[in-house]
Enquirer: 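Pasting in a structure now, in structure tokens, and then I'll have a few things to ask.
In this text, all values refer to a predicted model and were calculated from it rather than measured experimentally. FYI, side chains are in, hydrogens and waters are out, and symmetry mates aren't considered; it's all heavy atoms of this structure. Letters go in sequence order (proteins before strands), and every chain restarts at 1.
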Number of protein chains: 2
Amino acid sequence: MLTDRQQAILNFINEYVDDNGFPPSVREIGRQFGVYPATVQDHISALERKGYLQKKRFQSRTLSIPASWRKGGIPIVGRVAAGLPLLAQENVQDVIHLPKDWAPPGAFLLKVRGNSMEGAHILDGDYVLVHPQQSASNGEIVVALIGEEATVKRFYRTDRGVTLKAENPKFDPIEIERSEAATLSIIGRVVGVLRVMKK
Amino acid sequence: MLTDRQQAILNFINEYVDDNGFPPSVREIGRQFGVYPATVQDHISALERKGYLQKKRFQSRTLSIPASWRKGGIPIVGRVAAGLPLLAQENVQDVIHLPKDWAPPGAFLLKVRGNSMEGAHILDGDYVLVHPQQSASNGEIVVALIGEEATVKRFYRTDRGVTLKAENPKFDPIEIERSEAATLSIIGRVVGVLRVMKK
DNA sequence: TCGTATACCGTACAAATGTTCGGTAGTCAA
DNA sequence: TTGACTACCGAACATTTGTACGGTATACGA
């Protein structure tokens with residue numbers, strides 16, 4: 001969707017805002033990339049047309065980036081479905097910000113349904129902070145997609161295949177044989193929990 | 001420390017940044033308050049001198065507010081000590097941002113020490129999201145200051161005084177008689193939990 | 001009473017900045 | 001080949017904007 005150049009400029013604006021608390025001027029962007037203001041305008045127009053930027057005409061430093069594209073933002077993802085792009089704009093409900101060293105870039109929040117991880121102190125309605133990755137080590141808590149369904153479980157690799165264990169005696173472990181490995185995909189590893197208590 | 005006028009202007013800047021993603025110009029502030037640019041300059045200078053604002057000379061819309069004074073930010077508080085102002089600048093270690101409806105204004109994060117609330121799924125090292133308030137209802141989880149020490153416990157009012165119960169059989173309830181009520185002060189109610197797992 | 005800080009007015013200036021215009025050049029699909 | 005998009009140049013223009021200066025008035029503590 002975005003060209004390399006456009007992406008680079010969007011990144012620069014993002015980092016600039018993150019560092020300074022206000023967006024750069026057209027000339028500051030130009031200086032950074034060694035081009036003229038008019039050239040920067042071309043890029044800004046393109047980014048605006050594509051919905052990655054907003055600005056006000058004739059006013060300085062009024063570039064703003066919609067929350068979902070902003071740097072450092074951790075999106076709250078609605079559903080995790082097979083195939084669909086995880087961070088599609090319609091799928092992002094809101095965004096939170098944490099200190100940089102708490103969440104790796106690319107992390108996202110996912111609402112937990114059910115009490116299967118109660119023993120690991122993850123409750124129904126909690127949000128888990130997920131670090132996206134395709135594989136996992138033994139004993140790690142992962143978000144996995146089994147068929148069409150996303151679940152949070154503890155991950156173990158066995159000689160027969162993979163076992164996903166709940167942390168709740170009421171739930172039986174899920175065993176996936178090596179032959180049916182295609183039905184399982186690891187979305188990421190759980191690196192945090194956020195709980196908001198209602199009234 | 002701040003005059004009413006200065007506070008009002010700082011608030012306006014704060015909300016403007018929150019709404020627009022960039023700070024207002026001197027004239028926009030002036031328009032809001034019905035005063036001339038030069039008057040706004042006076043206020044900005046005062047705010048800058050007092051450390052509530054930063055800016056770059058001769059550059060437009062470069063006002064920025066240090067993280068600890070920024071609107072919508074939820075400060076991470078180091079220690080909770082008797083008497084000391086909770087949000088003293090040196091006491092704020094970092095700031096996070098949550099959706100507006102998740103955290104009431106004035107909320108803050110406090111690191112939990114010890115496993116006394118394990119039964120309520122609050123672990124050693126977790127951060128609790130605290131809504132500041134001086135009183136509490138039966139059964140609510142509160143942050144309380146007993147003498148010099150801050151603890152997280154479940155709150156109960158009894159006919160003899162107040163009981164603070166841990167959610168862990170290894171810890172005994174703490175009973176405060178009505179006569180020694182002065183040693184207890186409620187800091188706030190726990191309205192959320194944030195856990196970040198290390199590596 | 002004097003000094004300091006606040007709060008404001010009006011005007012004027014100069015720097016920073018967004019914007020426009022016409023032009024060149026390359027890529028890529030129809 | 002034509003059209004659309006990207007990427008850029010240089011210069012000129014118009015607006016926005018920060019800033020400076022000198023002035024008035026009030027409140028407050030030393």
Side-chain angles (χ1 to χ4, degrees), chain A residues 1-66 69-71 89, chain B residues 1-66 69-71 89:
Chain A
M1 196 79 183
L2 285 184
T3 66
D4 289 353
R5 204 59 168 164
Q6 288 164 3
Q7 185 67 58
I9 286 174
L10 189 62
N11 287 347
F12 173 72
I13 297 172
N14 240 328
E15 302 214 359
Y16 190 104
V17 172
D18 204 52
D19 290 347
N20 298 283
F22 47 83
S25 71
V26 170
R27 276 171 182 78
E28 279 176 325
I29 301 172
R31 228 172 291 147
Q32 183 68 203
F33 292 91
V35 296
Y36 277 77
T39 303
V40 177
Q41 292 277 23
D42 287 344
H43 289 114
I44 290 176
S45 304
L47 286 166
E48 208 183 353
R49 179 163 41 82
K50 296 181 180 178
Y52 290 81
L53 265 185
Q54 289 175 255
K55 74 174 172 58
K56 291 188 172 170
R57 278 186 53 121
F58 286 103
Q59 297 189 245
S60 38
R61 298 178 190 272
T62 55
L63 296 174
S64 68
I65 303 178
W69 312 114
R70 208 166 300 162
K71 190 202 167 195
Q89 204 164 9
Chain B
M1 195 80 184
L2 285 184
T3 66
D4 289 353
R5 204 57 169 166
Q6 287 165 5
Q7 185 67 59
I9 287 174
L10 189 62
N11 286 347
F12 172 72
I13 298 173
N14 239 328
E15 302 215 358
Y16 191 104
V17 172
D18 204 53
D19 289 347
N20 298 283
F22 49 82
S25 71
V26 171
R27 277 170 181 80
E28 279 175 326
I29 301 172
R31 227 172 291 148
Q32 183 69 200
F33 291 91
V35 296
Y36 277 78
T39 302
V40 177
Q41 291 277 20
D42 287 345
H43 292 309
I44 290 176
S45 303
L47 286 166
E48 207 183 354
R49 178 163 41 83
K50 296 182 180 178
Y52 290 83
L53 265 185
Q54 290 175 256
K55 73 175 173 56
K56 291 189 173 171
R57 276 187 54 118
F58 287 104
Q59 297 190 244
S60 38
R61 297 179 191 271
T62 57
L63 296 174
S64 68
I65 302 178
W69 312 115
R70 208 166 300 165
K71 191 203 166 194
Q89 204 164 8

Enquirer: Can you tell me how far P of C/dG18 sits from CG of A/Leu47, to the nearest Å?
Expert: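 For the pair A/Leu47 CG and C/dG18 P, the rounded distance is 15 Å.
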Enquirer: Which heavy-atom pair separates B/Gly51 from B/Pro66 by the least distance, and what is that distance?
Expert: O-CG, 3.9 Å
Enquirer: Does A/Tyr36 reach a base, just sugar-phosphate, or nothing at all? Heavy atoms under 4.0 Å.
Expert: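 Here A/Tyr36 touches the bases of the nucleic acid.
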Enquirer: Determine the contact category for A/Ala46: base if any of its heavy atoms lies under 4.0 Å from a base atom, sugar-phosphate if only primed atoms, P, OP1 or OP2 are that close, otherwise nothing.
Expert: nothing
Enquirer: I want to confirm an ordering. Mapping A/Lys55 and B/Lys50 to their closest nucleotides on DNA chain C, which one lands closer to the 5' end?
Expert: B/Lys50
Enquirer: Less than 4.0 angstrom between a side-chain N/O of B/His43 and OP1 or OP2 of C/dT6, yes or no?
Expert: no
Enquirer: Taking C-beta and beyond as the side chain, do B/Tyr16 and B/Glu28 meet within less than 4.5 Å on heavy atoms?
Expert: yes
Enquirer: Map B/Pro24 and A/Asp4 onto DNA chain D by nearest heavy atom, then report which one ends up closer to the 5' terminus.
Expert: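 Closer to the 5' end of DNA chain D: A/Asp4.
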Enquirer: Compare every heavy atom of B/Thr62 with every heavy atom of B/Pro23, then report the nearest pair and how far apart it is.
Expert: CG-N, 4.4 Å
Enquirer: OP1 or OP2 of C/dA7 versus the side-chain N and O atoms of B/Thr3: is any pair under 4.0 Å?
Expert: yes
Enquirer: Is the phosphate of C/dT17, meaning OP1 or OP2, less than 4.0 Å from a side-chain N or O of A/Arg61?
Expert: yes
Enquirer: Which part of the nucleic acid does A/Arg5 contact within heavy-atom distance under 4.0 Å: base, sugar-phosphate only, or nothing?
Expert: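 The answer is sugar-phosphate, as A/Arg5 gets under 4.0 Å only of primed atoms, P, OP1 or OP2.
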Enquirer: Do B/Arg5 and B/Val35 make a side-chain contact, defined as non-hydrogen atoms from C-beta onward lying under 4.5 Å apart?
Expert: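 Yes - at least one pair of side-chain heavy atoms lies under 4.5 Å apart.
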Enquirer: Closest approach of A/Arg61 and B/Ser60, non-hydrogen atoms and distance?
Expert: CD-O, 2.8 Å
Enquirer: When the ring planes of A/Phe33 and A/Phe12 are compared, do they come out parallel, tilted or perpendicular, using 30° and 60° as the limits?
Expert: perpendicular
Enquirer: Would you name the heavy atoms of B/Leu63 and B/Leu53 that are closest together and state the gap between them?
Expert: CD2-CD1, 4.3 Å
Enquirer: Specify the residue among A/Thr62 and B/Thr39 whose closest nucleotide of DNA chain C lies further upstream toward the 5′ end.
Expert: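 With A/Thr62 and B/Thr39 compared, the 5'-side residue is B/Thr39.
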Enquirer: Which is the 5'-most and which the 3'-most nucleotide of DNA chain D that has an atom under 4.0 Å from a heavy atom of chain B?
Expert: D/dT17 to D/dC21
Enquirer: Do B/Asn20 and A/Lys56 have side chains that approach each other closer than 4.5 Å (heavy atoms only, starting at C-beta)?
Expert: yes
Enquirer: Minimum heavy-atom separation for B/Met1 and B/Lys50, please, with both atom names.
Expert: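 Where B/Met1 meets B/Lys50 most closely, the heavy atoms are O-NZ, 3.0 Å.
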Enquirer: Between A/Gln6 and A/Tyr52, do the side chains contain a donor N or O and an acceptor N or O under 3.5 Å apart?
Expert: no
Enquirer: Scan A/Gly34 against the nucleic acid and name what it touches under 4.0 Å (heavy atoms): base, sugar-phosphate only, or nothing.
Expert: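 Answer is sugar-phosphate: A/Gly34 comes under 4.0 Å of backbone atoms only.
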Enquirer: Bend angle of the helix from C/dT1-D/dA30 to C/dA30-D/dT1 from five-pair axes at both ends, rounded to 10°?
Expert: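 It works out to 30° between the end axes.
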Enquirer: Within this structure, what is the CZ-to-P distance between B/Arg27 and C/dA15, rounded to whole angstrom?
Expert: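 B/Arg27 atom CZ is separated from C/dA15 atom P by 16 Å.
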Enquirer: Considering every strand and a 4.0 Å limit on heavy-atom distances, what is the contact class for B/Gln59: base, sugar-phosphate, or nothing?
Expert: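 Touches sugar-phosphate only.
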Enquirer: For nucleotides 24-30 of chain C, list the nitrogen or oxygen atoms of the protein found under 3.5 Å from its nitrogen or oxygen atoms, one pair per line.
Expert:
none

Enquirer: Tell me the interatomic distance from A/Ile44, atom CD1, to C/dT20, atom C1', rounded to whole angstroms.
Expert: 14 Å
Enquirer: What integer distance in Å separates B/Asp42:CG from C/dC9:C1'?
Expert: 11 Å
Enquirer: Verify the distance criterion only: is there a donor paired with an acceptor across the side chains of A/Gln7 and A/Asn11 at less than 3.5 Å?
Expert: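 Distance-only check passes for A/Gln7 and A/Asn11.
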Enquirer: Measure distances between side-chain N and O atoms of A/Arg57 and base N and O atoms of C/dG18, and say whether any donor-acceptor pair falls under 3.5 Å.
Expert: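 Answer is no: no donor-acceptor pair is held.
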Enquirer: Of all the nucleotides listed (C/dC8, C/dC9, C/dT6), which has the minimum atom distance to the side chain of B/Gln6?
Expert: C/dT6
Enquirer: For A/Lys71 and A/Asp18, which heavy atoms make the closest approach, and how far apart are they?
Expert: NZ-OD2, 3.3 Å
